[in-house]
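Reading through the structure tokens given below for one structure.
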Protein chains: 2
Amino acid sequence: MSGSVAAEEDPLRLDRQVCFPLYAATNLINRLYTPVLRPLRLTYPQYLVMLVLWEEEPQTVGDLGARLHLDSGTLTPLLKRMEAAGLIARRRDPRDERRVLVTLTTDGRDLRAKALHVPATMGQGYDPAGVEELREGVSALVAILARHDGADKIGGDN
Amino acid sequence: MSGSVAAEEDPLRLDRQVCFPLYAATNLINRLYTPVLRPLRLTYPQYLVMLVLWEEEPQTVGDLGARLHLDSGTLTPLLKRMEAAGLIARRRDPRDERRVLVTLTTDGRDLRAKALHVPATMGQGYDPAGVEELREGVSALVAILARHDGADKIGGDN
DNA sequence: CACAACTATATTGTGCGCAATAGATGTGCA
DNA sequence: TGCACATCTATTGCGCACAATATAGTTGTG
């Protein structure tokens, strides 16, 4: 290769990437959640929707998308599967027929009790302080990324 | 909600989750990479495969999977698309016909020059020290998660 | 040599995730 | 009032991501 020291700073090396560990961690976490969520008959994204609905009800598809950073192309079929599973109900908002209100069924509300152990089960064996630090760091990144997401439709350089 | 102070420590609150910001960041990043990688005719996972191959060649499907934490169910069709795009070649290892060796084509090697700007483009506007700190934190998490991943097939408690 | 156990990749089926687009409803403004 | 424009959800097409399974190849043991 080149003899220059600066050439050693190869920006394309996999272990220089920030995004790759995030990508890998997400895949690995998803894989670890799967067996824990299987008894609840939930996938990880469905679990996230339940977390949001357990906090507040009803929510529109747009509300859920804003909270989870997902769009209708992802949420509509996912919510239909959850509706078919009897966890939620979907109906048009009579005050604004463009909106779809998502509410929990009794089964959906009852499922919360069975989910209470999930965070503890998943968090087992990790240093709580380290995890909290990581959560804050990644959350800050999400806040920045979310500002850029879709921003180019409007302003430009925010 | 409840009057109890302990009840406020709801483990199911979305903003208590560590995994959700990781999930959201990954989706947001993927969305931001898409327009940058489009001129290279690469998706983000395909870009990761190219990063690995630009570092070393040839690699088996298993090598790529170990490096990226993906299995053949994901890689096989992805690699076939990259082969159809003329970026890589796949052939059975004559020394061990079970293995498939993945190599770059000339086009694949040449693409590296066009990819050199990608890290700088994506990293624009971020504090390098903060990014590096985050990278180390998430990488450490990946290392831990990877130990658990598939470990239950063998030992049990690592 | 036989043959069971193991390894590596491929296939199948399901569920995201998103860009692009469509279609229906609401809003503002002349 | 009428009509352009914006908003909200749904649909389509494609590419992951993975569990479960299948298939082909290799190795170890007798």
Side-chain angles (χ1 to χ4, degrees), chain A residues 23-38 41-49 58-66 68-85 90-102 149-150 152-154, chain B residues 23-38 41-49 58-66 68-85 90-102 149-150 152-154:
Chain A
Y23 166 85
T26 298
N27 286 341
L28 288 166
I29 285 170
N30 212 311
R31 233 171 289 169
L32 292 176
Y33 262 102
T34 299
V36 177
L37 292 176
R38 192 195 305 282
R41 300 186 151 279
L42 289 175
T43 65
Y44 184 64
Q46 290 172 6
Y47 172 68
L48 292 177
V49 168
Q59 303 229 20
T60 68
V61 173
D63 293 337
L64 293 170
L68 300 176
H69 303 288
L70 296 172
D71 70 357
S72 72
T74 300
L75 283 172
T76 297
L78 186 153
L79 293 171
K80 282 184 175 177
R81 282 186 289 270
M82 293 177 72
E83 186 179 36
R90 298 177 330 121
R91 65 174 203 284
R92 289 281 167 182
D93 185 344
R95 328 260 281 202
D96 183 344
E97 291 279 344
R98 291 172 305 178
R99 297 172 187 240
V100 169
L101 295 174
V102 180
D149 181 52
D152 30 20
K153 293 172 194 163
I154 313 167
Chain B
Y23 165 86
T26 298
N27 286 340
L28 289 166
I29 286 170
N30 213 309
R31 231 170 291 169
L32 292 177
Y33 262 102
T34 299
V36 177
L37 293 176
R38 192 196 307 283
R41 299 186 151 278
L42 289 175
T43 66
Y44 183 64
Q46 291 172 6
Y47 172 68
L48 292 177
V49 168
Q59 303 229 19
T60 67
V61 173
D63 293 337
L64 294 170
L68 301 176
H69 304 288
L70 296 172
D71 69 358
S72 73
T74 299
L75 283 173
T76 296
L78 187 153
L79 293 171
K80 284 184 175 176
R81 280 185 289 269
M82 292 176 74
E83 186 180 34
R90 300 160 62 244
R91 66 174 203 282
R92 290 279 167 182
D93 184 346
R95 330 261 280 202
D96 183 344
E97 291 278 347
R98 292 170 304 178
R99 296 172 188 241
V100 169
L101 295 175
V102 180
D149 181 51
D152 29 20
K153 293 171 193 164
I154 312 165

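Here is how names work: the chains are called A, B, and so on, in the same order as the sequence lines, proteins then strands, and each is numbered from 1.
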Which residues share a salt bridge (Lys or Arg N to Asp or Glu O under 4.0 Å) with B/R90, sequence neighbours left out: B/E83
Distance, rounded to the nearest Å, where A/R38 contributes CZ and C/dG15 contributes C1': 13 Å
Here the distance between atom P of C/dC18 and atom CD1 of B/I29, to the nearest Å, is 12 Å
Between atom OH in B/Y33 and atom C1' in C/dC18, what is the gap in whole Å? 18 Å
For the pair B/D63 (side chain) and B/A66 (backbone), establish whether a donor and an acceptor sit closer than 3.5 Å, ignoring hydrogens and angles. no
Taken in chain and number order and not counting sequence neighbours, the residues that satisfy salt bridge (Lys or Arg N to Asp or Glu O under 4.0 Å) with A/E97 are none
With sequence neighbours excluded, tell me which residues meet salt bridge (Lys or Arg N to Asp or Glu O under 4.0 Å) with A/R81. none
How would you list, by chain and number, every residue that makes a salt bridge (Lys or Arg N to Asp or Glu O under 4.0 Å) with B/R98, sequence neighbours excluded? B/D96
Nucleotide C/dG15, atom C1' - distance to CG of A/L37 in whole Å: 14 Å
Going by the rule ring-ring contact (aromatic ring centres under 6.0 Å, His included), which residues pair with B/Y47 if we only count those two or more places apart in sequence or in a different chain? B/Y33
Taking CG from B/L64 and C1' from C/dT9, how many angstroms apart are they, rounded to a whole number? 12 Å
Separation of atom CD in B/Q59 from atom P in C/dT9, rounded to whole Å: 11 Å
Its contact letters, B for base, S for sugar-phosphate only and - for none at protein heavy atoms under 4.0 Å, make nucleotides 9-17 of chain D read SBB---SSB
Let me know the distance between CD of B/E97 and P of C/dA10, rounded to the nearest Å. 12 Å
